[in-house]
Amino acid sequence: MIKRFFSPGRRLAVVLGACLLMSAFASAQGSAGIAKHLADYDLPGLEAKVNLTSIEPMDVVQLIEFLAHRGGLNNIVIGRDVQGVTTKLKFDDVTVADALDVVLSVNRLSFEIQGGILTIMTDEEYKLRHGRSFYDQTDTKVVTLIYADPARVAAMLAPVKSSFGTIISDPVTGSLVLVDTPRKIRKMEEIISKTDISTVGRILPTKTETFVLQYAEIDTIRAELEGLLTPEIGKIRSDERTKTLIVTDLPHSMERVRELVSVFDRKPKQVFIEAKIVQVRLDDSMSLGVNWQNVFEGIDPRFSVETVSSPSSISDPAFSLTYNTISAGGDLAVVIEALKTVGETKILSNPQIAVLDGQEARIEVVDDQPYKEIQLESGTTNITGTTYLFKKVGVQLAVTPRINDEDVISVMVRPEISTISAWYDGSPQEGTPVIRQAVTETTIMVHDSVTIIIGGLISSTKSESVTSVPFLGAIPLFGRLFRQDSISTINSESIVFLTPRIITGDEPYLRLNEEKKAPKLLKTEG
């Protein structure tokens, strides 16, 4: 099997350098022959026959012009450095192409054809254009052997190569470097294809290393390594139980294997997420929810709030979730204390969770709301039984943090916040609950310890109260004169605070409110 070999190994670079030196040597040794023939080109007039006999010296430029005229070559350019004199010549019924080949070779001249134009120049000018002599017949090719021993194949090819050809074998990479004429190289490739077969074996200089993974998954790294191994030589064995990889390959490939394993098997970063779910009772002036700019006016100037735009998919158009962030250095205790100036504030839950970089964390603060489902007899309205079902109502958060190289956290958050807005076909717990729900999904970029505020869930609760005069208010009909029935509506907003913080996982992580002291509220003069 013959194919091109591209190896980054230093040894092959040395071999190729030697090839260039040998190629230059072969060029000097084999320059007597003609490398190219005009007859190989489809140029009108070259096939014309010419007869010419001259016993007097003749200028080579004039001779070229004469032959071009006899062949009808109208597109020809002769370089300014072309010169020389022929002594005696005799052409008898030969083609213009063959005659010109002879004239050019004896005067060490070269040519090239582009766009149907024949350009004749000196060999020195040809070297400046193309980097090698016009008469250089050598070529270089690297062949990778799969089975056969390179030194043994090189010995077989020695009688086939030309006198100035060179064969270099490299046992480490299993390669042969052939420097010879194109015809000789083709002949040697034919021989190699017949000798490099599976029944012929060689001892490969392979290397085996064991890698015990600490963090990465076996299947993930194995899939990446398989693309790096040398075809038909490299092998991987794995043990899921011990998370061990055993890799065998050529030494230069093992360097890439070690590098890839070190990149993929790194200790993952972790994010500690503290969530606070707060309910704030709103007065009539804040029907649209908490005004965060007003809340922060009386807090330490280190605090600042920034609104984050978020495309959302809301199941109930009455909901409009908002996203804000609080700069690092702020303390949630102070923010919540400031919320008390807005209305009655109650912390519903304070869950905390640590999650690996790129993994999803779920936080749920919900009630399993029961309701009845009645089974009826088929075809009748007779009740045969009652089953209690449950629906989750509250706050459900799916949070996926990703940490970049600058320790900026990209937080993909999906909050699902729901309440019971009414009961259908029955009283509470008797009918079917009508669930009011807000669902959004967005990604917010924040720095370490910056708090994300998710607000906008405003709910209304109706309450009925009765005040009456003792005894008199209980008298049927007449008692209405001594009691008063009232219905009040209480508006409240549920707010979620999320504070992601990068941790190492090497030591226990304390709650944020245990790490910092709350800055004092500003004092006003007067």
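Because the structure is predicted, anything quoted here is derived from the model rather than measured. Values below: every heavy atom of this structure, side chains too, minus hydrogens, waters and symmetry copies.
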Nearest 0.5 Å please: distance from the OH atom of Tyr135 over to the CZ atom of Arg108. 6.0 Å

Who passes side chain to side chain contact (heavy atoms under 4.5 Å, CB included) against Val94, sequence neighbours left out? Val50, Phe91, Ala99

Take atom NZ in Lys187; do more than 12 heavy atoms of anything else shown fall under 6.0 Å from it? no

Is it true that atom CZ of Arg222 has more than 12 heavy atoms of other residues, nucleotides or ligands lying nearer than 6.0 Å? yes

For Arg237, I'd like to know if atom CZ has over 12 heavy atoms of other residues, nucleotides or ligands within 6.0 Å. no

Applying side chain to side chain contact (heavy atoms under 4.5 Å, CB included) to Tyr41 and Leu118, what does each step give before you reach the verdict? CA-CA 10 Å; Tyr41 296 89; Leu118 172 63; over 6 Å; no

Please list all pairs meeting side chain to side chain donor-acceptor pair (under 3.5 Å) that have one or both residues in residues 208-221, counting only residues at least two apart or in different chains. Thr208-Thr248, Glu209-Arg258

Test applied, side chain to side chain contact (heavy atoms under 4.5 Å, CB included); reference residue, Ile221; option that passes from Val257, Val263, Asp265: Asp265

Between Thr119 (side chain) and Phe111 (backbone), is there a donor-acceptor pair under 3.5 Å? no

Can you give me the closest heavy-atom contact between Thr95 and Glu47, atom names plus distance? CG2-O, 3.9 Å

For Ser169 and Pro171, work out which heavy atoms get closest and say how close. O-CD, 3.9 Å

Sub-3.5 Å donor-acceptor pair from the side chain of Asp196 to the main-chain atoms of Ala148, do we have one? yes

For Val96 and Gly71, work out which heavy atoms get closest and say how close. CG2-CA, 3.8 Å

Do any N or O atoms from the side chain of Asn404 and from the backbone of Glu406 form a donor-acceptor pair under 3.5 angstrom? yes

Spell out, as yes or no, whether a donor-acceptor pair under 3.5 Å connects the side chain of Asn107 to the backbone of Val103. yes

Please report the shortest heavy-atom distance between Leu176 and Pro150, naming the atom on each side. CD2-O, 3.5 Å

Is it true that, when you exclude Glu259 itself, more than 12 heavy atoms of the residues, nucleotides or ligands shown sit nearer than 6.0 Å to its CD? no

Between Asp357 and Ile403 (side chain of the first, backbone of the second, donor and acceptor by atom type, cut-off under 3.5 Å), is there such a pair? yes

Between the main-chain N or O of Ile502 and the side-chain N or O of Asp448, is there a donor-acceptor pair closer than 3.5 Å? yes

Identified side chain to side chain contact (heavy atoms under 4.5 Å, CB included) counterpart of Leu213 within the set Ile218, Thr242, Thr244: Ile218

From Ile185 atom CD1 to Ile167 atom CD1, the distance as rounded to the nearest 0.5 Å: 10.0 Å

Measure from the side-chain N and O atoms of Asp249 to the backbone N and O of Thr230, and report whether any donor-acceptor pair falls under 3.5 Å. yes

Distance col, row Leu52:CG vs Asp93:CG, nearest 0.5 angstrom, shows 13.0 Å

Counting only heavy atoms not in Ile55 (residues, nucleotides, ligands), do more than 12 fall under 6.0 Å from its CD1? no

Contact summary for Ser410 and Met445, nearest pair of heavy atoms: CB-SD, 3.4 Å

Sequence-distant partners of His130, ring-ring contact (aromatic ring centres under 6.0 Å, His included), two or more places apart: Tyr126

Show your reasoning for whether salt bridge (charged side-chain N to carboxylate O under 4.0 Å, His left out) applies to Asp180 and Lys161. CA-CA 7 Å; Asp180 215 320; Lys161 71 178 184 65; over 6 Å; no

Pairwise distance CG(Leu104) to CD1(Ile64) - rounded to 0.5 angstrom: 5.5 Å

Is it true that Arg186 and Glu190 have a side-chain N and a carboxylate O under 4.0 angstrom from each other? no

Taking the side chain as C-beta and beyond, is there a heavy-atom pair between Glu274 and Lys276 under 4.5 Å? yes

If you round to the nearest 0.5 Å, how far is CD of Glu255 from CG of Leu228? 12.5 Å

Which heavy atom of Val85 sits nearest to which heavy atom of Pro57, and what is that distance? CG1-CB, 3.7 Å

